[in-house]
Amino acid sequence: MVRVRSPGRRLARSFFARPALDVAPDLLGCMVRHRSVDGVVTVRLTEVEAYAGAGEDPASHAHRGPTPRSAVMFGPPAHLYVYFSYGMHWCANVVCGPKGTASAVLLRGAEVVEGLELAQSRRPQARGVADLARGPAKLTTVLGLDGGSDGLDIAGRGSPVTIHVGTVAAPTDIRTGPRVGISSAAEAMWRFWLDGEPTVSSLR
DNA sequence: GCGACGATCTCA
DNA sequence: GAGATCGTCGCC
């Protein structure tokens, strides 16, 4: 694959206005950037999971229809869905599909490519650079995101969070497998990751 | 109003 | 392998 270490063209809303199952593998290698008052952190995605729409995916937060928590998922694509998990962690998704489908892609693992120092200060417990964003809650922490970012339009003008073209993965570099940590629809091979990357959360 | 459980992480 | 720790949602 071609390795580019800086973010390329910014992804437009149309990129996300497709089924999550199509968007998810296309996001591998892409760069997620967050600029805050603290500075800029950019990561390159190495692992994602797709969550299909309401009624189609029992493992999705949107499965039983809109609730206050999952409301953002039912809105237009390219918005951030950030939720609180296990009483202590934040996890970030990007809403996909046309408005109302309530599908999304969970960001599970990434490599820090910009703002290493700031990333390390946000996760002092990290074992090493590969551990900084290996796992959805770690990735969210390193980017400096939390519930305050829920609903953010990443395709909008002036958004602090943007996603860009990064490294282009060859189809043979992409692996698929079952999603992690869910009990229903566990057989769906809707987890995608880049082969051989040390920042993939649970290796297979 | 109540209770079960979770798209997890860390440390032992 | 267990504990931390609490919001969300379904059901009573």
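Each chain gets a letter, A, B and so on, in the order the sequences are listed, and its residues count up from 1.
The ring-ring contact (aromatic ring centres under 6.0 Å, His included) analysis of residues 150-192 of chain A, with sequence neighbours excluded, yields no pairs.
Looking at residues two or more places apart in sequence or on another chain, you find no salt bridge (charged side-chain N to carboxylate O under 4.0 Å, His left out) involving Arg69(A).
In this structure, Tyr83(A) places its OH atom 15 Å from C1' of dC6(C), rounding to the nearest Å.
Arg127(A) comes within contact range of no nucleotide atom at all, as no heavy-atom separation falls under 4.0 Å. Across all strands, Ala59(A) comes closer than 4.0 Å to base atoms (heavy-atom distances). Among the protein residues, Arg69(A) comes within range of the sugar-phosphate backbone only, with heavy atoms under 4.0 Å from sugar or phosphate atoms but none that close to a base.
Between Thr141(A) and Lys138(A), every side-chain heavy-atom pair lies at or beyond the 4.5 Å cut-off.
Both key distances under 3.5 Å define a Watson-Crick or G-U pair, and stretches of 3 or more such consecutive pairs in DNA chain C run B:1-6 with C:6-11, B:8-11 with C:1-4.
Thr176(A) and Met189(A) get closest at one heavy-atom pair: CB-O, 4.3 Å. For the residue pair Pro178(A) and Ala186(A), the shortest heavy atom distance occurs at CB-O, 3.4 Å. Of all non-hydrogen atoms in Met31(A) and Pro7(A), the two that sit nearest each other are CG-CA, 3.8 Å.
Cation-pi geometry between Arg13(A) and Phe15(A) is not met at under 6.0 angstrom from the ring centre and within 45 degrees of the axis.
In this structure, NE2 in His34(A) is found 12.5 Å from CD in Glu114(A), a value given to the nearest 0.5 Å.
Contact footprint of chain A on DNA chain B: nucleotides with an atom under 4.0 Å from a non-hydrogen protein atom, first to last in 5' to 3' order, dG6(B) to dT10(B).
For Thr67(A), the listed nucleotide lying nearest its side chain is dC9(C); candidates were dC6(C), dC9(C), dG10(C).
The pair Glu111(A)-Arg44(A) meets the salt-bridge criterion, with a side-chain N (NZ, NE, NH1 or NH2) lying under 4.0 Å from an Asp/Glu carboxylate O.
Listed by residue number, the members of residues 86-108 of chain A with any heavy atom below 4.0 angstrom from DNA chain C are Tyr86(A), Gly87(A), Met88(A).
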Result block: side-chain N/O donor-acceptor pairs under 3.5 angstrom for residues 76-91 of chain A, not counting sequence neighbours:
residue: His79(A); atom: ND1; partner: Gly151(A); partner atom: O; Å: 3.1
residue: Tyr81(A); atom: OH; partner: His61(A); partner atom: ND1; Å: 2.8

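If you check the side chains of Ser159(A) and Thr162(A), you find no donor sitting under 3.5 Å from an acceptor.
Remark on DNA chain B: of its neighbouring residues Asp131(A) and Gly181(A), the 5'-side contact belongs to Gly181(A), judged by nearest-heavy-atom nucleotide.
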